[in-house]
Structures are given as C-alpha cells and as structure tokens.
Amino acid sequence: MPLRRTDIELKAEHLEAMPPPPTRYTLNEWNLNNKNRDRCCFEQQKLADSIIAECKRLKAEVEEKTKLNKKDTDHKIEERKLDIEFNTNEIKLQRKEVYTEVDNLKTYMERIKDCLDAMEKNGKVISQKCIVFREGRIGIDLCYDDVESKLKKELELIEGTQNMLRRSLEQINEQVRRLKSTTYFMDRDLEYKSNVAKIEYQNSIIKETSLNLSVYHGFSPLNRGIVTNEEWEEFTKSNIEKAAKEINSARHLRAYTDIVIKQAIDALWDQYHAVNNAFKRRIAEIRDAKNKMEVQHSEIVRQSNEITRTVSGLEKSLAEKERFAALAHTRLGNRAQRPEMELCKDAVEIALVNEVADLRKNCAMMQHMLAEAHASLRYLLKIQIQLEEDMNVKTNSLKIDEVDCMTLRESMDYHAF
C-alpha cells in the first residue's frame with residue numbers, strides 16, 4: 001500500500017524512477033564466459049559445416065534421383081506410347097478385317113436375295129403356271145400323271161429351298177449384327193486409346209521448364225488408376241479375340257451358305273430335268289396315242305364308207321328283189337286265172353312258189369343284214385366321233401404340255417449368283 005501511494009505521488013509530481021545498478025561480475029566469470037563463447041562458436045561452426053556438406057550431398061542425391069526418376073518416367077511413357085500404338089494398330093487391323101467380313105456378308109445377303117427373287121420369278125411362278133395350264137386339260141387327259149406329280153414336287157422343292165435360304169439370310173443378318181457389335185467395342189477402345197495417346201504425347205513433350213505447370217493442392221490422391229496393366233492388356237486382347245471369333249464364325253457361315261446355295265441349285269436343276277423328262281415322256285405317250293387314234297380313225301372312216309356302200313348295195317339289191325318278187329307274184333296271180341283242170345301244180349307253179357319263198361327268205365336275210373349294217377354304221381360313226389373328240393383332247397393336251405408348258409419352262413433359270 002505505501003508503494004502504491006509513492007507511485008501515485010511520483011506520477012503526480014512527474015518524476016522518473018531510476019533503474020537499479022548493473023550486476024557486477026568477477027574476472028573469472030568474464031574469462032569463463034569468453035571461453036564458453038569460443039567453444040559454442042566452434043561447435044556451431046562445425047555443426048554448420050556438417051549440415052552444409054550433408055545438404056550438398058542430399059541436394060546432389062535428390063537431383064540425381066529426380067533426374068533418374070524423370071528419365072525412367074519418360075522411358076515408361078515412351079514404352080506406354082509404343083504399347084498403345086501397337087494395340088491401336090492391332091485393333092485397327094482387326095477392325096478392318098471385321099468391316100471386310102461385314103462387306104462380304106452383305107454381298108452374300110444380296111446373293112441370297114437375288115437367288116430368292118430368281119427362284120420366285122424364274123422357278124416358282126413358272127411351275128405354278130404350268131400346273132394351272134395343265135388344269136386346262138379336258139376329258140380323260142385330266143388325270144394325275146407323273147408330270148403333275150413331278151411339278152408339285154418341284155414346287156415343294158422351290159418353296160423349301162426358299163425357306164432354307166431365308167433362314168440363311170436371317171443367320172447372316174444376325175452375324176452382321178454381332179460383327180457390328182464388336183466394332184462398337186473396338187471403336188470405343190480406339191477412342192479411349194486415342195485420348196490416352198494424346199495425353200501421353202503431351203506428357204512426353206512437357207519439361208520441368210515448361211510454362212503452365214501446376215502443383216496439386218487438393219486432398220484426393222492423383223493416382224486414380226484402378227485397373228491393372230494386365231487387365232488393360234486383357235481388355236484389348238479380349239476385344240480382338242472376340243472380333244476374331246466372330247470373323248471365323250462369319251467365314252464358316254459364308255462357306256456353309258455357298259454349300260447350301262450350290263446344293264439347292266443342283267437339286268432344283270435335277271428336279272427341272274426330271275420334270276422336263278416327265279413332260280417329254282408324257283408328250284410322247286400322248287402323241288403315240290393320238291397317232292394310234294388317227295390310224296384307227298382313218299380305218300374307221302374307211303370302214304364307215306365301205307359299210308355305207310354296202311348298205312347302198314343292199315338297199316339297191318332289195319329294191320331289185322322287190323321287182324323279182326312282184327314279177328313272181330304277178331305270174332302266180334296270172335296263173336291263178338287258169339280254168340278248171342288247167343289249174344294244176346305243174347312245174348311252173350312249183351317253180352314260182354319256190355321262187356317266191358326263196359325271194360322272201362333272201363329278202364328277210366338281206367333286211368336282217370341291212371339292219372346289222374345300219375347298226376354297225378351307227379357304231380362306227382359313234383366311234384369315229386369319239387375318236388375325233390379324243391384326238392381333240394390329245395391335241396389340246398399336246399398344246400398345253402408341248403407348246404404352253406415346255407415353251408414356258410425354257411425360260412426357267414437357276415443361278416448361284
């Protein structure tokens with residue numbers, strides 16, 4: 001309390017306080033302090049020299065390691081660029097083969113479409129027309145013969161071949177889709193590798209002295225790689241192997257399609273020749289039957305004419321016999337006028353009676369033969385008409401088979417394209 005009062009009083013009087021007197025040291029303390037200063041200076045100088053040497057060594061070591069690390073990194077970047085370039089070239093080569101195979105498959109698709117169109121126009125339509133034409137046969141010729149059987153078999157074969165080619169077309173279309181799917185993954189891989197190649201190229205040309213360098217101050221790690229190098233290699237290898245597998249499948253499919261088309265065309269040609277041979281045999285049969293009918297017709301006509309002449313002769317002979325009968329009857333009538341004993345059965349009477357009896361008997365026989373001749377003539381004329389109708393039927397059948405169908409079938413054509 002007294003001190004505070006003193007201070008207040010001093011402040012009030014604007015007085016300054018005097019510092020305490022300095023501490024006094026002895027001579028020994030002074031000498032000891034100098035020696036201690038010298039020792040500390042020496043030790044600090046020695047430590048500084050050691051630190052300077054260590055700093056130089058560390059600096060040289062860090063600089064050398066930094067350069068080696070940069071050199072190793074640059075080498076690995078170059079190796080990475082070569083790996084990317086190699087894989088890119090492999091993918092491009094495989095991609096080119098894929099597109100080549102896609103073009104080949106599209107060519108095969110066009111072949112199948114042309115083949116289907118040709119089968120429809122140059123095969124199926126003509127076969128159907130032949131069947132329709134043959135429905136125009138009349139009479140007994142409208143029968144289920146070998147030609148109709150072969151035609152229906154040909155139509156079934158064409159339709160079956162078309163269905164088989166349509167299935168092949170669907171398989172090729174699906175294979176094209178799968179090939180395009182592989183190109184999608186390869187294109188995406190190429191795009192990624194192109195971007196990475198640009199990044200690696202940029203990394204290879206920048207130096208530690210380049211401008212626009214920056215230091216990352218974020219908290220997330222810059223090493224964002226989550227895929228191993230083996231996985232990276234396997235991914236590209238998988239894409240290439242998948243594409244190679246699809247290419248191999250496409251080539252097998254094309255070979256199978258070639259076999260299918262060839263076998264189909266060969267089968268169609270075999271059936272075409274079988275139908276034509278059946279037509280030729282049928283035409284020969286119809287022509288032979290028509291020739292026989294013509295021979296029979298000419299013979300029937302000859303016999304009809306002969307029967308007609310015979311009938312005329314019989315009728316003329318009957319007319320003459322009627323005069324002889326009238327003569328005999330007139331003579332008998334005249335002789336019936338003989339008087340009394342003169343009305344006797346003499347030789348003349350007997351001869352006249354016998355003559356009349358013979359004339360009646362002969363006329364009856366001639367009448368019977370005349371009736372048979374008329375009946376035979378009617379049958380001959382009926383057969384003649386039937387033969388003429390049958391010949392017209394055969395002529396119509398020949399026209400349908402030989403002219404209509406065979407002429408139409410000449411335009412049938414099958415190609416493998």
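In this chain, numbering begins with 1 at the start of the sequence shown.
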Test of understanding: with side-chain contact (heavy atoms from CB on, under 4.5 Å), list the residues that count as partners of Y192, not counting sequence neighbours.
R188
When you measure from the side chain of [X] to the backbone of [Y], do you find a donor-acceptor pair of N or O atoms at a distance under 3.5 Å?
X    : Y    : result
D189 : F185 : no
H297 : M293 : no
R287 : L398 : no
N104 : T100 : yes
N248 : A244 : no
S411 : L408 : yes
N69  : K65  : yes
E402 : I283 : no
S149 : D145 : no
N396 : N392 : no

Closest non-hydrogen atom pair between [X] and [Y], with its separation:
X    : Y    : answer
V275 : K150 : CG2-O, 3.5 Å
T257 : I112 : CG2-CD1, 3.7 Å
R137 : I400 : N-CD1, 3.5 Å
I265 : C115 : CD1-SG, 4.0 Å
I140 : K394 : CG2-NZ, 4.0 Å

Pairing of [X] and [Y] as salt bridge, 4.0 angstrom limit:
X    : Y    : answer
R178 : E174 : no
K76  : E200 : no
K237 : E90  : no
D146 : R281 : yes

Filter on side chain to side chain donor-acceptor pair (under 3.5 Å), then keep only pairs touching residues 303-312, sequence neighbours left out; what's left?
R302-E306
Taking the six-membered ring for Trp, are the ring centroids of W269 and Y272 within less than 6.0 Å of each other?
yes
Crowding at CE, M369 (>12 non-hydrogen neighbours, <6.0 Å)
no
[X]: what forms a salt bridge (charged side-chain N to carboxylate O under 4.0 Å, His left out) with it, not counting sequence neighbours?
X    : result
E61  : R57
E79  : none
D38  : none
R360 : none

Pairwise distance CE(M186) to NZ(K193) - rounded to 0.5 angstrom
12.0 Å
Could you check V176, V98, L179 and say which one makes a side chain to side chain contact (heavy atoms under 4.5 Å, CB included) with E246?
L179
Chi angles and distances behind the side-chain hydrogen bond (donor to acceptor under 3.5 Å, both in side chains) call for Y108, D258:
CA-CA 9 Å; Y108 270 70; D258 283 330; 2.6 Å; yes
Charged tip of R37 within 45° of W30 ring normal and under 6.0 Å:
no
Verify the distance criterion only: is there a donor paired with an acceptor across the side chains of N277 and R282 at less than 3.5 Å?
no
